[in-house]
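Single-structure report; data block below.
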Amino acid sequence: MNGQIDPKKYQEAADYIRERITVKPEIGLVLGSGLGALADEVENPTIIETASIPGWPRSTVLGHSGRLVIGTLAGRNVLVQQGRVHFYEGYEPDLLIFAVRVMKLLGVGSLVVTNAAGGINPDFKAGDIMMITDQISFAAMGGAHPLRGQNLDEFGLRFPDMSQPYDRAYQALVRSAAAKVGVPLREGVYTWLSGPSFETPAEVRFLRVIGTDAVGMSTVPEVIAARHCEIRVLGFSGITNECSADGETKTTHQEVLEAADIIGPKIVRILREVIPAL
Ligand code: HPA
């Protein structure tokens, strides 16, 4: 059940962070499994362990370190969230959006979300970068919705519009940036499943039929919360593995982390170009 969060908790967490930083973050970045290296690019960083922030949920997963790195990147004030929490860790959906709401209170107007994802589109290869153009909230459609429960009017509407979850102007910037820096770019639909089990062959075939290009266990709740409070969103999936529709190949967390090592630097090259224009 949602509804564990006292709305005052967002403000307490934002106050705690604000007291420790000197820049006002304009852009939030959430780094997915194994994609944490981008945080090393932040200049003049202030590092805050998320475990020290009141109310902040704790990540329990290998590859998710649980830090905020606040500073400048490509000339803009950024707040980089290294490590996120997932539904499969046992958190209720409303806790998955805690970070985004705190970012909103800190003044963030643009959010860049990244994740490690399985390739459902048969053309995709491990190591590819996919710009997310739309999403299917599988778990939310089934009722595990981050905005279920009392609406917090100070963040947004009871029935938020989701016609453009990923900002189209930002997508145009990414297409030009990727071409300029020579990183091949895929585009497609990301589907959120609860996890933690990877998909069966029948589920992979099902996901293809419904229009999924990449599948994963994160991101979508954050994007819903961001759009609810009118933060503009840009999203990337790093394709870490090719999902098998015939059951002939296995998926492991280890291969996901290894592929993420190759993907991270490509996303960094694109973001360095795009961030000044967000
Ligand atoms: N399925 C779901 N989530 C994932 C995968 C996958 O194949 N790879 C990385 N995250």
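Whatever order the structure lists them in is the order used to number ligands and atoms, beginning at 1.
- Taking the side chain as every heavy atom from C-beta outward, I70 and V78 never approach each other to under 4.5 Å.
- With sequence neighbours excluded, the residues satisfying salt bridge (charged side-chain N to carboxylate O under 4.0 Å, His left out) with D15 are R18.
- At a cut-off of 3.5 Å, with distance as the only test, a side-chain donor of R84 or S218 sits close to an acceptor on the other residue.
- When only modelled atom types and interatomic distance are considered, Y88 and S197 share no side-chain donor-acceptor pair under 3.5 Å.
- Using modelled atom types and a 3.5 Å distance limit, the side chains of H145 and D94 yield no donor-acceptor pair.
- The immediate protein surroundings of ligand 1, defined as residues with any heavy atom under 4.0 Å of it, consist of A116, A117, G118, F198, E199, V215, G216, M217, T240, N241, C243, V256.
- Ion pair R272/E41 flagged as a salt bridge, since at least one NZ, NE, NH1 or NH2 atom sits closer than 4.0 Å to an Asp/Glu carboxylate oxygen.
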